[in-house]
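Inspection log for the structure reproduced underneath, given as structure tokens.
A note on names: the letters A, B, ... follow the listed sequences, proteins ahead of strands, and every chain is numbered from 1. These values consider heavy atoms only, across backbone and side chains, with no hydrogens, waters or symmetry-generated copies. All values reported here derive from a predicted model rather than from experimental measurement.
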Amino acid sequence: MESGKMASPKSMPKDAQMMAQILKDMGITEYEPRVINQMLEFAFRYVTTILDDAKVYSSHAKKATVDADDVRLAIQCRADQSFTSPPPRDFLLDIARQRNQTPLPLIKPYSGPRLPPDRYCLTAPNYRLKSLQKKASTSAGRITVPRLSVGSVTSRPSTPTLGTPTPQTMSVSTKVGTPMSLTGQRFTVQMPTSQSPAVKASVPATSAVQNVLINPSLIGPKNILITTNMVSPQNAASESSNALKRKHEDVDDDDDDDDGDNL
Amino acid sequence: MKGNETMLDFRTSKFVLRISRDSYQLLKRHLQEKQNNQIWNIVQEHLYIDIFDGMPRSKQQIDAMVGSLAGEAKREANKAKVFFGLLKEPEIEVPLDDEDEEGENEEGKPKKKKPKKDSLGSKSKKQDPNAPPQNRIPLPELKDSDKLDKIMNMKETTKRVRLGPDCLPSICFYTFLNAYQGLTAVDVTDDSSLIAGGFADSTVRVWSVTPKKLRSVKQASDLSLIDKESDDVLERIMDEKTASELKILYGHSGPVYGASFSPDRNYLLSSSEDGTVRLWSLQTFTCLVGYKGHNYPVWDTQFSPYGYYFVSGGHDRVARLWATDHYQPLRIFAGHLADVNCTRFHPNSNYVATGSADRTVRLWDVLNGNCVRIFTGHKGPIHSLTFSPNGRFLATGATDGRVLLWDIGHGLMVGELKGHTDTVCSLRFSRDGEILASGSMDNTVRLWDAIKAFEDLETDDFTTATGHVNLPENSQELLLGTYMTKSTPVVHLHFTRRNLVLAAGAYSPQ
């Protein structure tokens, strides 16, 4: 960062001068001129958030005005949310002691690529079924999948969240002979090209659907939502022998396929 | 102020000072004469005075060792026994020899009825007392592909150039153009065939340095069609249509600060500001696993020299040891007072060294997670670490521009190399340990004479008891060469198997 061409102190507004002074006091001498603007914006946003929260707290306490206690409470609550810091040292030493007590696990010989159980890997196929039905459902031939599959296409490593289908959630090419047979509905199973066959041969057969929150309005009477996603460790769903499974958010009386075998 | 972790650490732990007995007596007498109880109280409460018997240290010695945020290391902290020897190489038959098969011999002890030389040329039949037992920590067994690698390694070793003050290595510099200060991590495979770069735009890019292009494995449908019994099945599984010199790996959601190839070149690890460490397959060029544990930026990661284990260190002040098939860390190395900037395995994979922003370097035992060595002396956060190939020494570089050399067995600083004017961000010993190369943000690569730096160490019991050694002022004599680049900080250094130096950095025009 080269030293910015700052506006001469006379023409800078007062708060910009103050911010420049703060930066100087903290020992920062070289910065681009827009840093001051960004810092001012941050300060403004932070203060307004705190004051808004303080107003809420004071009205909740049925006070006439906002006083220092409200502001203090607001600061405390926000600090826990936005400015998290790493855990304290004694906590770290404690969990380290616990973790270090277990002996190192023995290594099984000849076990192929050594990867964690499938649910903790990103190797599950992130595909979805594309309906072949001619009859237009509520979303007129559009892919009715209210799920954003997460995989190597997006860049979020955290657990997937509900989202609307985007064109990028892939309808992809090669058809692999997976053991899923769906009679009564016409579907094609499409797998992404990034599926790695060399990694685990059993992956297509044991992938399961986790944490699917279905927007009931998007499910037509005959559409079955099939999505597989990156697994999360908190997943409680057990793998079923059939790779397809569904979860209801509300009681969905239309769908009579409760045991999840799609027959 | 209550919430600030560093403040809490300072107030709760004691600052350690080492002082000789004579000096301590003088200090006590002086404070008691002045009847200045305030200072005496502070001393009692917040300082831990580690008294040693012997000559008081000179100013130069003291200057060399101070700098850490918590004072110096107590002498007992550096007393545990450390197995710094190397593990025995398993014996592998070499096709050039036309003797009968020796077979795999994990213990490394040659069979008594075969009087001929073993294929690795090591004549010692006794267990090195400083080497850890072979099964101290579980290590993966050697696969056929690993044995082939080792044979290649041995062949290249015979062609290796012997380096020395009169035979300096050539340096081949790989400059990343158009990176716009976005290059944040580099790693090179051991056989120097692939280079990986981690960037601030969250991508990891892998280049092939040799004419052989990068190919990914065919799709499952095509794989079922190939003949599995053919000799070149490993080539047939590769899809020619995907051949290219560069592969880009997408997946992280923050700048990639650490990268490490596995020794068998099948996997690549990358650690990022998003708090995860990702394992990528170099056969399909997709992400296999995301290891979540650090919830804060992970500054560095490295595979163990034998594969399977890897270590990562981050902003949460701990380093974690993982195995590729466990989704949670196996060991947590907690003790640093500030971010862990740099993590390296010892060549025998039994110890992990971590360099931190609290200006100390700690050596941790993989078996039980204990901190077996604390090295203080740097005056700034540490950014680079490297072990010598014989496992006995550790070299560290920090923002103060000095490279410090440490004897692991005795726990002492044995050398100080002054010369760089900016952060030393990469260090590497040559393959046989004769030369130490250091790369810095001041756009230079410097070569130092390692053999000379480590000879004549007076490490008798008396010296080790005091905890410090007389350091000669010989940086100038040890400096063998300074090589300047055109405004490219040297982010990574690598010695090929034939002792050619590869250096990497991103051109940053100013």
Between A/Tyr120 and B/Tyr291, is the gap from one ring center to the other below 6.0 Å?
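No, too far apart.
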Of the backbone (N, CA, C, O) and the side chain (C-beta and beyond), which part of B/Ile237 lies under 4.5 Å from a heavy atom of chain A, both, or neither?
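B/Ile237 has no heavy atom closer than 4.5 Å to chain A.
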Using non-hydrogen atoms only, which part of B/Phe285 is less than 4.5 Å away from chain A: side chain, backbone, both, or neither?
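Nothing of B/Phe285, per the 4.5 Å heavy-atom cut-off to chain A.
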With respect to chain A, which residue among [options] yields the maximal number of heavy-atom pairs within a distance under 4.5 Å?
options	value
B/His294, B/Gln328, B/Arg331	B/Arg331
B/Val366, B/Leu367, B/Ile332, B/Asn370	B/Ile332
B/Asp316, B/Leu249, B/Asn135, B/Asn295	B/Asp316
B/Ser202, B/Ser216, B/Pro140	B/Pro140

How about OH on A/Tyr46, more than 12 heavy atoms from neighbouring residues, nucleotides or ligands closer than 6.0 Å, or not?
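Atom OH in A/Tyr46 is packed in, count exceeds 12.
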Tell me every residue that passes side-chain contact (heavy atoms from CB on, under 4.5 Å) with A/Pro105, counting only those two or more places apart in sequence or in another chain.
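With neighbours one apart ignored, the set is B/His326, B/Leu330.
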For A/Pro109, what residues pass the side-chain contact (heavy atoms from CB on, under 4.5 Å) criterion, not counting sequence neighbours?
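Expected list: B/Glu141.
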Ring-plane angle category for B/Trp322 and B/Phe310, please: parallel below 30°, perpendicular beyond 60°, tilted otherwise.
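Correct class here is parallel.
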